[in-house]
Participant: 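Below are the structure tokens for one structure; questions will follow.
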Number of protein chains: 2
Amino acid sequence: MKSSPAKREEVLSRFMAERGLKTTRQRNLIIDTFFSLDGHLSVEEVWAKARELDRRVSVATVYRTMKLLHESGLAHARNFGDGQTRYEAAVGKDHHDHLICTRCSTIIEFENDQIERLQDLVARKHGFKVVSHKMELYGLCRGCQRETA
Amino acid sequence: MKSSPAKREEVLSRFMAERGLKTTRQRNLIIDTFFSLDGHLSVEEVWAKARELDRRVSVATVYRTMKLLHESGLAHARNFGDGQTRYEAAVGKDHHDHLICTRCSTIIEFENDQIERLQDLVARKHGFKVVSHKMELYGLCRGCQRETA
DNA sequence: CTGCGTGCAAAAACTTTGCAACAAT
DNA sequence: ATTGTTGCAAAGTTTTTGCACGCAG
């Protein structure tokens with residue numbers, strides 16, 4: 001599912017207004033690039049793609065912009081254990097979690113409402129108001145189980 | 001709950017035998033230090049504590065040893081979003097997950113068997129064999145909800 | 001105009017690694 | 001003896017930052 005530009009725009013403009021941020025050519029480019037791609041993107045990857053359209057954007061601006069997207073809630077920041085932060089679009093697709101193969105690094109996404117409901121329950125029990133969450137299951141995918149056996 | 005030295009010892013010695021690793025003064029010091037502490041520890045923190053007993057251990061050895069602990073399954077590696085890997089003892093206490101306050105950084109641990117069971121179920125459905133997992137719920141703790149309201 | 005934003009390069013923060021000396025088996 | 005281990009410092013990665021210039025509002 002692609003992310004919905006309408007909702008995005010709304011969240012973003014409210015966020016930028018709130019913080020007195022300005023709309024710039026670079027920010028638009030980076031944000032559009034990020035949402036046009038899909039998956040779990042490193043800053044490096046977003047940068048590479050954005051540069052295809054404008055050779056002059058600096059990686060620092062990409063770092064700064066991705067951080068804004070994260071703070072605005074439009075992107076989740078993830079850490080899959082390699083040393084890099086990866087960003088993932090947070091609107092326009094249903095929430096999902098990850099199954100990660102520790103051998104071949106395959107990542108499978110899944111969602112499970114029942115788990116989500118239980119999470120809320122647990123949080124409430126501790127007086128928490130959950131804003132977001134991440135869940136990652138690490139193990140061996142079908143193929144790697146076979147090869148390792 | 002403190003970690004149980006017996007189980008630890010066993011897992012560790014099997015792991016070291018398997019890989020032809022040697023027992024050294026530094027490794028013992030670092031491992032003991034790690035398990036004597038509690039919580040989510042950065043390499044820096046373990047190092048600081050270990051140095052109290054032996055000024056000469058180098059931070060490189062701590063990095064190397066923590067990686068071994070992680071590979072042996074005795075320590076989980078976590079990433080809470082600050083730029084550091086944090087390690088947490090993986091035996092002697094039941095598995096648990098985390099509620100993290102995004103405002104004051106309070107971390108509450110919890111466990112929920114029902115969720116664990118559902119995770120296994122989902123994994124199996126995708127042909128995965130789960131070895132470990134982590135789940136983190138981000139939000140506002142009781143206190144911060146009040147202050148932010 | 002005014003102040004935020006950008007690019008660049010330098011720096012910071014964290015982690016890994018090459019190597020010679022050293023220690024465990 | 002042999003082979004793995006350590007400390008150190010250098011190098012690698014990823015991310016942040018200072019600053020002068022530029023651009024949006």
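Proteins come first, then strands; the chains are lettered A, B, ... in the order of their sequence lines, and each starts at number 1. The shown structure was predicted, so the numbers you read here are calculated from the model rather than taken from an experiment.
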Participant: If I take atom CG in residue A:Asn28 and atom P in nucleotide C:dC4, what distance separates them, rounded to the nearest angstrom?
Facilitator: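 The answer, rounded to whole Å, is 19 Å.
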Participant: Reckon A:Lys67 has a side-chain N or O less than 4.0 Å from the OP1 or OP2 of D:dT15?
Facilitator: no
Participant: Could you tell me how far apart B:Gln26 (CD) and D:dG7 (C1') are, to the nearest whole angstrom?
Facilitator: 9 Å
Participant: Find the distance B:Met66:CE to D:dT6:P and express it as a whole number of Å.
Facilitator: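 Spelled out: CE on B:Met66 to P on D:dT6 is 14 Å.
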Participant: Evaluate salt bridge (charged side-chain N to carboxylate O under 4.0 Å, His left out) for B:Glu71 paired with B:Lys67, printing each intermediate quantity in order.
Facilitator: CA-CA 6 Å; B:Glu71 288 168 7; B:Lys67 183 162 287 185; 5.9 Å; no
Participant: Please verify the inter-ring angle class for B:His98 with B:His40; under 30° counts as parallel, over 60° as perpendicular, anything in between as tilted.
Facilitator: perpendicular
Participant: Any non-hydrogen side-chain atom of B:Lys134 less than 4.5 Å from a side-chain atom of A:Tyr138?
Facilitator: yes
Participant: Nearest to the side chain of B:Gln84, heavy atoms from C-beta on, is which of C:dC14, D:dC8, C:dT6?
Facilitator: C:dC14
Participant: Please determine if A:Arg86 forms a cation-pi arrangement with A:Phe80, meaning its NZ or CZ atom is less than 6.0 Å from the six-membered ring centre and no more than 45° off the ring axis.
Facilitator: no
Participant: Between B:Leu21 and B:Val43, who's closer to the 5' end of DNA chain C by nearest nucleotide?
Facilitator: B:Val43
Participant: Any side-chain N or O of A:Tyr63 below 4.0 angstrom from OP1/OP2 of D:dT15?
Facilitator: yes
Participant: Could you give the CZ-to-C1' distance, from B:Arg51 to D:dG7, as a whole number of Å?
Facilitator: 11 Å
Participant: Sub-3.5 Å donor-acceptor pair from the side chain of B:Thr65 to the main-chain atoms of B:Val62, do we have one?
Facilitator: no
Participant: What nucleic acid atoms does A:Val57 come within less than 4.0 Å of, heavy atoms only: base, sugar-phosphate, or nothing?
Facilitator: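 The residue A:Val57 makes sugar-phosphate contact but no base contact.
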Participant: Hey, what do you get for NZ (A:Lys49) to OG1 (A:Thr33), rounding to the nearest 0.5 Å?
Facilitator: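 One finds 8.5 Å between NZ of A:Lys49 and OG1 of A:Thr33.
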Participant: Is B:Thr85 near enough to C:dC14 that one of its side-chain N or O atoms lies under 4.0 angstrom from OP1 or OP2?
Facilitator: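 No, outside the criterion.
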Participant: For the pair made of CG in B:Asp82 and P in C:dC14, what is the distance, rounded to whole Å?
Facilitator: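 In whole Å, C:dC14 P lies 8 Å from B:Asp82 CG.
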Participant: Rounded to the nearest angstrom, tell me the gap between atom CZ in A:Arg55 and atom C1' in C:dG7.
Facilitator: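 Computing the A:Arg55:CZ to C:dG7:C1' distance gives 15 Å.
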Participant: CG of B:Asn112 to CG of B:Asp97: how many Å apart, nearest 0.5 Å?
Facilitator: 8.5 Å
Participant: Please give, in whole Å, the distance from C:dT16 P to B:Glu44 CD?
Facilitator: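 Roughly 14 Å, once rounded to whole Å.
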Participant: Using a 4.0 Å heavy-atom cut-off to protein, can you give one letter per nucleotide of nucleotides 18-23 of chain C, 5' to 3': B if the base is in contact, S if only the sugar-phosphate is, - if neither?
Facilitator: B-----
Participant: Looking at D:dT14, I'd like to know if its phosphate oxygens (OP1 or OP2) sit under 4.0 Å from a side-chain N or O belonging to A:Ser42.
Facilitator: no
Participant: Between B:His70 (NE2) and C:dT16 (P), how many Å, whole number?
Facilitator: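 Those two atoms, NE2 and P, are 12 Å apart.
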